[in-house]
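One is the number of the first residue; the rest follow in order along the sequence.
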Amino acid sequence: MTHVTPQITVITDIEAFKYADVFKGLSINRVTEFIENNLGKYPHRQLLVSQLDYEKNPLYGINQLPSFIRPYEEQFQFEMKFLKTALINILEETLFLDPRKEQWLSDAIANYLMIEYVEEFYPDQKLLGKLSKIWGVRSFNLAKMNFNEQYTFLYMLTARTNLDQPLSTSNDSLIKFNQKIGNKYKAGLGLAYLASYIGKDKVDKSIKTFYKHYKLSQVKTLDFESILKRSTNTDIDWFFKDFVTTDRKIDFKIKKVEKTEDSLKVTIKNKKGTNVPISLFGLKNDTVVSKYWFSGINDIKTVTIPKSGEKRLVLNYDQKIPEFNQRDNWKSLGGFFSGNKKLKFTFFRDSENPYYNQVFYVPILNFNIYDGWTPYMRLYNKTLLERPFVYDFAPSYSFRENAFVGSGRISYRKYLSKSGLYLANYSLGGSTYHFQENSRYSTITPSITFGWRPANLISNKREFLRFRYVNVLRDKAESLGDFETPPDYSILNVRYTNRNPGIINYVSWFADAQHASDFTKVAFELEYRKLFESNRQFNFRFYAGKFIRNKTTDYTDPNYYSFALDRPTDYLFDYGYLGRSEDSGIYSQQIIIAEGGFKSFLPQEYRFANDYLATINTSVNLWKWIEVYSDLGYVKNKGVNGKFVYDSGVRLNLLTDYFELYLPVYSNNGWEVSQPNYGEKIRFIVTVSPKTLIGLFTRKWF
């Protein structure tokens, strides 16, 4: 379809749902006029804006929604699709920047102009569009966010997880999210930030001057920098030295405010040490009554401003600055109690609202055969963006046991650097449920985890070292008799994990050590998966465990701490067993691939090892979700000869990790398919944990 506009002839096939051609023409006229007024005249006679080009660089957020959901008006959606594609094509065809090292400048201009377009023509457009007006959605802070706030929000997805990269990073060294979204949005935000600081007219004029003089020419970032610097007397070295070429975060807070008769002394702290300017707003009844810019704050600086009736001071109130944390940006001037943030309870999860202490809640139903179906209210503070301190509590009530149960965890995550030792996570968790009728267990587990990653952020390789001290307290009714092992125990667990989860080649291994008063044991596990061009996948797992010392053989139940061939006793209470104490019936057939990883129930004398155990588990898919598996192992108990064990069968991988069936065929037991009660030999994996099930739907995006 060809559109002749006063500025240029446009050829486009951009799709528009229920948007008439006559209105498309009006929208195209508006967009081309905006581009010429804010960028400059396109030097060619025709401009091609295709749907194929749009799909290479879509409007992220819109394109992830099903086609039948249209959150935006047809006009807005068409214009934004056309504007973005047209800008990218124009800049690529007329500004000959190094696409590998200086792509950020083209991204900055394109996204800055997109921000300007929305502010000019759609200033009230919400991020969720028409969805923000729906009952049950409109109360969320996410529904109240303006469309342009998505730029900071999506950039922060990587900044908060320490995966952000400098704008000057070579294009082939960017992780996929930064290449497609994060760095592009940060670049556009940078120019908007600069425009707010030195004046929008200066940045706008610099862009047009730059395009006018360098279109159809080889050009460098330095050329744009020199034009910008000539447009203002204000020092803007920080923009190119700190904002563009580093990944240092921007984060300020108001430390304190002192009142005098006619002025306010405001102490501002630079939490990250990034020397960039910060804006300070004075508010009265949500109306801006004053605005100031301050620069040169390397650490702490006290500034004095005149009183103008302010009731509240807020840093970065208009959110023009992509700031790491805005929760400590405000200070009330109405006294101590008026400065306290109010609690706000929100269903499920929301974006951050810096003016409230947010608590999220979601009712959930869980199940195990001893507690039955237990409804509980999960309370937590984890927002859509990662935050350092997180709590998550899930109090519940067991109607079957007529007792309170539940779990909880608090954790603090500290990112230390970009590579090498990059992460430290401190946590304290606890839980209390029943492990059989009238029998309760409680755990209290402090832990610390360190993480390493390579300098190349594209690499998926990660290493973790975790220290945890598991304290288990058990209690049961006197009528059930005494415990067969000490009821209470504590175990120091140290585990080193090394994983590289590639799509073609997946490799993960760990070395584990446990120390308690009556035993010390070590274990090693290696998992490898290979995906072939034929789409056939081979899985290999090796596990070996050895007791360094073991005094538990004198217990009434000597296998409680032993290595298990097919069903671990889970004395650390790590696994989601539906019936952890069952040794017969359907619940005993639940399998969790851990330790030996066998699927067949072999004779009792081979199912546990109090000396050492070594196994190999393999599988290969035959057709779609049908696989064949084979296991081989060696079981050694103290005082008796070791035994070679094996099994094989068919795995129905209906939904990996969520619902699977294992059908034994041949093992040490012989041909199991021909033996009686075959249904009791079938093993299954099933997940009823809501948190795990939610991951089934979110793992595509996160």
Side-chain angles (χ1 to χ4, degrees), residues 364-378 392-411 427-447 466-493 495 512 514-519 521 551-552 555-564 567-585 587-592 594-595 608 686-692:
I364 292 179
L365 196 64
N366 214 338
F367 176 79
N368 69 63
I369 64 171
Y370 313 115
D371 292 307
W373 289 102
T374 52
Y376 61 90
M377 187 65 70
R378 183 180 170 212
D392 194 335
F393 299 104
S396 179
Y397 188 80
S398 169
F399 290 98
R400 181 168 292 180
E401 289 286 343
N402 294 318
F404 287 100
V405 294
S407 62
R409 177 178 296 274
I410 58 174
S411 64
S427 71
L428 176 64
S431 64
T432 178
Y433 292 98
H434 292 85
F435 62 92
Q436 63 184 27
E437 186 177 354
N438 293 327
S439 304
R440 176 188 290 272
Y441 76 87
S442 301
T443 65
I444 301 174
T445 307
S447 69
R466 181 179 65 170
F467 299 85
R468 63 171 178 164
Y469 193 61
V470 183
N471 301 277
V472 178
L473 310 172
R474 295 185 295 166
D475 181 54
K476 64 180 179 179
E478 293 183 3
S479 59
L480 298 177
D482 295 331
F483 281 98
E484 297 174 332
T485 59
D488 303 335
Y489 51 88
S490 298
I491 298 175
L492 174 63
N493 179 211
R495 173 173 293 191
D512 186 272
Q514 298 177 20
H515 176 76
S517 58
D518 289 336
F519 71 88
K521 61 195 294 191
K551 300 179 181 179
T552 67
Y555 292 160
T556 307
D557 180 7
N559 291 323
Y560 186 67
Y561 297 105
S562 296
F563 296 109
R567 183 177 165 88
T569 56
D570 191 27
Y571 52 86
L572 294 177
F573 295 92
D574 287 333
Y575 307 134
Y577 280 125
L578 301 178
R580 64 177 58 251
S581 298
E582 303 304 295
D583 53 15
S584 62
Y587 293 105
S588 69
Q589 295 172 236
Q590 181 186 4
I591 185 173
I592 293 175
E595 298 189 8
F608 295 95
V686 65
T687 297
V688 297
S689 167
K691 187 175 182 180
T692 306

Within 6.0 Å of CG in Asn402, more than 12 heavy atoms from elsewhere: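 Yes, enclosed.
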Counting heavy atoms not belonging to Ile592, are there more than 12 under 6.0 Å from its CD1?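 Enclosed.
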Ser396 and Tyr376 have their tightest heavy-atom pair at CB-CB, 3.1 Å
Where do Lys476 and Ser439 come nearest, in terms of heavy atoms and distance?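 That closest heavy-atom pairing would be CB-OG, 3.1 Å.
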Tyr397 and Phe399 aromatic centres sub-6.0 Å: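 Here the rings of Phe399 and Tyr397 have centres that are less than 6.0 Å from each other.
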Just to verify, what does Tyr571 make a ring-ring contact (aromatic ring centres under 6.0 Å, His included) with, not counting sequence neighbours? Tyr561
So, do Pro395 and Phe404 sit near enough that their side-chain heavy atoms are less than 4.5 Å apart?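 No; the side chains remain at least 4.5 Å from each other.
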Do Arg567 and Gln590 come close enough that some side-chain heavy atom pair is under 4.5 Å?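 Yes. Closest side-chain heavy atoms under 4.5 Å.
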Euclidean distance, Leu572 CG relative to Gln514 CD, rounded to 0.5 Å: 5.0 Å
Identified side-chain hydrogen bond (donor to acceptor under 3.5 Å, both in side chains) counterpart of Glu582 within the set Tyr587, Tyr370, Tyr577: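 Filter result, single survivor: Tyr370.
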Could you walk me through whether Ser398 and Tyr433 pass the side-chain contact (heavy atoms from CB on, under 4.5 Å) test, one step at a time? CA-CA 9 Å; Ser398 169; Tyr433 292 98; over 6 Å; no
Between Asn471, Val472, Val470, which is the residue that forms a side chain to side chain contact (heavy atoms under 4.5 Å, CB included) with Tyr489? Val472
Ser581 side chain to Phe435 backbone, donor-acceptor under 3.5 Å: yes
Among Asp570, Asp371, Asp574, find the residue that satisfies the salt bridge (charged side-chain N to carboxylate O under 4.0 Å, His left out) test when tested with Arg580. Asp570
